[in-house]
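Below is one structure; the comments refer to it alone.
This chain uses plain numbering: 1 for the first residue, then up along the sequence. From a predicted model like this one, the values you see are computed outputs, not experimental measurements.
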Amino acid sequence: SSSTVGATTLANGLMQSVTGSAPSALNTMSRALSLPGGADTSEFQPDSAPALVALALLHNGAHERAAAVVTSAIAADDASSQTWARLHLLGAWIAMVRGQDTILEDLPQEVVRGPLRERDALFLHALIVGLARRSGDLAQLRRAWSGAAGTLSSCSVDLFNLLPIGELWLAAVRLEE
């Protein structure tokens, strides 16, 4: 139906990201956000549409476009939604990748203090570890790693967790864990 055109286009973009070319997949996924039903969130989706598009853009190095998607989604969202914390964490991740260092101070306190869903908690801990790793402070990195260990052991590995797991893996290598 016309109300599911966006969701169908998003699903096609996800398939293209596995079977086709990255530019084509990113274009299809980005286009889905502007179509009816493209930005709707369902409990049956693996993630919200803006988060999926932002993740795909991040994985392909399109940080500016990912930031634009997240900023637009945050502006249309509110603190009571199930996607609010996720979008803020993705925005913070983009800021970290771009070299900003006041990321934790800029995150809403509701996100930092939680409670968070499992995937969001993993992103928050990996963000803290990533900032510590980038600072070069080994003691800070050890404290951050210690805080992330419990979250890491309870998470499931899937395509949507590759960024935080990769960041935690780099920290583990640095700490010889």
Side-chain angles (χ1 to χ4, degrees), residues 10 14 17 26 29-30 33 39 41 45-175:
L10 179 64
L14 286 170
S17 73
L26 293 174
M29 291 173 74
S30 295
L33 293 177
T41 300
Q45 292 175 323
D47 210 338
S48 72
L52 289 173
V53 172
L55 283 170
L57 290 166
L58 274 167
H59 281 287
N60 284 278
H63 304 144
E64 297 296 324
R65 286 178 60 195
V69 167
V70 169
T71 300
S72 175
I74 287 173
D77 210 354
D78 64 63
S80 65
S81 84
Q82 64 181 6
T83 60
W84 188 78
R86 176 85 170 138
L87 292 170
H88 281 280
L89 287 165
L90 285 172
W93 195 277
I94 294 164
M96 178 180 71
V97 170
R98 294 162 112 183
Q100 297 174 7
D101 56 0
T102 61
I103 299 161
L104 292 177
E105 294 83 13
D106 296 341
L107 270 175
Q109 285 303 301
E110 298 87 352
V111 174
V112 176
R113 291 190 186 130
L116 297 172
R117 293 172 171 211
E118 183 180 283
R119 181 180 294 159
D120 296 340
L122 178 66
F123 262 84
L124 177 61
H125 283 287
L127 185 68
I128 293 167
V129 166
L131 291 168
R133 188 178 66 80
R134 285 164 174 77
S135 76
D137 183 342
L138 196 56
Q140 181 184 1
L141 179 57
R142 286 193 191 286
R143 283 190 301 276
W145 173 258
S146 177
T151 303
L152 180 60
S153 66
S154 69
C155 84
S156 60
V157 178
D158 61 35
L159 290 174
F160 309 107
N161 289 338
L162 290 180
L163 287 175
I165 289 173
E167 187 62 51
L168 292 170
W169 177 74
L170 290 172
V173 169
R174 173 75 173 102
L175 294 172

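The two atoms that bring L107 and A92 nearest to each other are CD2-CB, 3.9 Å, heavy atoms only. Closest approach of P164 and W93 over heavy atoms only: CA-CH2, 3.7 Å. The two atoms that bring A51 and L87 nearest to each other are N-CD2, 4.4 Å, heavy atoms only. W84 approaches V111 most closely through the heavy-atom pair CZ3-CG2, 3.7 Å. The two residues L116 and A85 have their closest heavy-atom pair at CD2-CB, 3.8 Å. Shortest non-hydrogen contact noted between I103 and A95 is CD1-C, 3.7 Å.
Contacts classified as side-chain hydrogen bond (donor to acceptor under 3.5 Å, both in side chains) and involving residues 131-143 (residues at least two apart or in different chains) are given here: R133-E167, R134-E167, S135-Q140. Within the structure, the salt bridge (charged side-chain N to carboxylate O under 4.0 Å, His left out) test picks out no pair touching residues 103-114 (sequence neighbours left out).
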Which side-chain N or O atoms in residues 54-66 pair as donor and acceptor under 3.5 Å with protein atoms at least two apart or in another chain?
from : atom 1 : to  : atom 2 : distance (Å)
N60  : ND2    : A56 : O      : 2.8
E64  : OE1    : R98 : NH2    : 2.7
E64  : OE2    : R98 : NH2    : 2.7
R65  : NH2    : S30 : OG     : 3.2

Show which side-chain atoms of residues 120-129 pair as donor or acceptor with protein atoms under 3.5 Å away, not counting sequence neighbours.
from : atom 1 : to   : atom 2 : distance (Å)
H125 : ND1    : G147 : O      : 3.4
H125 : NE2    : T151 : OG1    : 3.4

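A 4.5 Å side-chain heavy-atom check between T71 and I74 finds every atom pair outside the cut-off. Counting heavy atoms from C-beta on, the side chains of L138 and R174 come closer than 4.5 Å.
Annotation: ring-ring contact (aromatic ring centres under 6.0 Å, His included) contacts of W145 (sequence neighbours excluded): none.
The closest donor-acceptor contact from the side chain of T83 to the backbone of R86 lies at 3.5 Å or more, if one exists at all. A donor-acceptor pair under 3.5 Å is absent between the side-chain atoms of S72 and the main chain of V69, judged by distance alone.
To the nearest 0.5 Å, atoms CG (L89) and CZ (R119) are separated by 12.0 Å.
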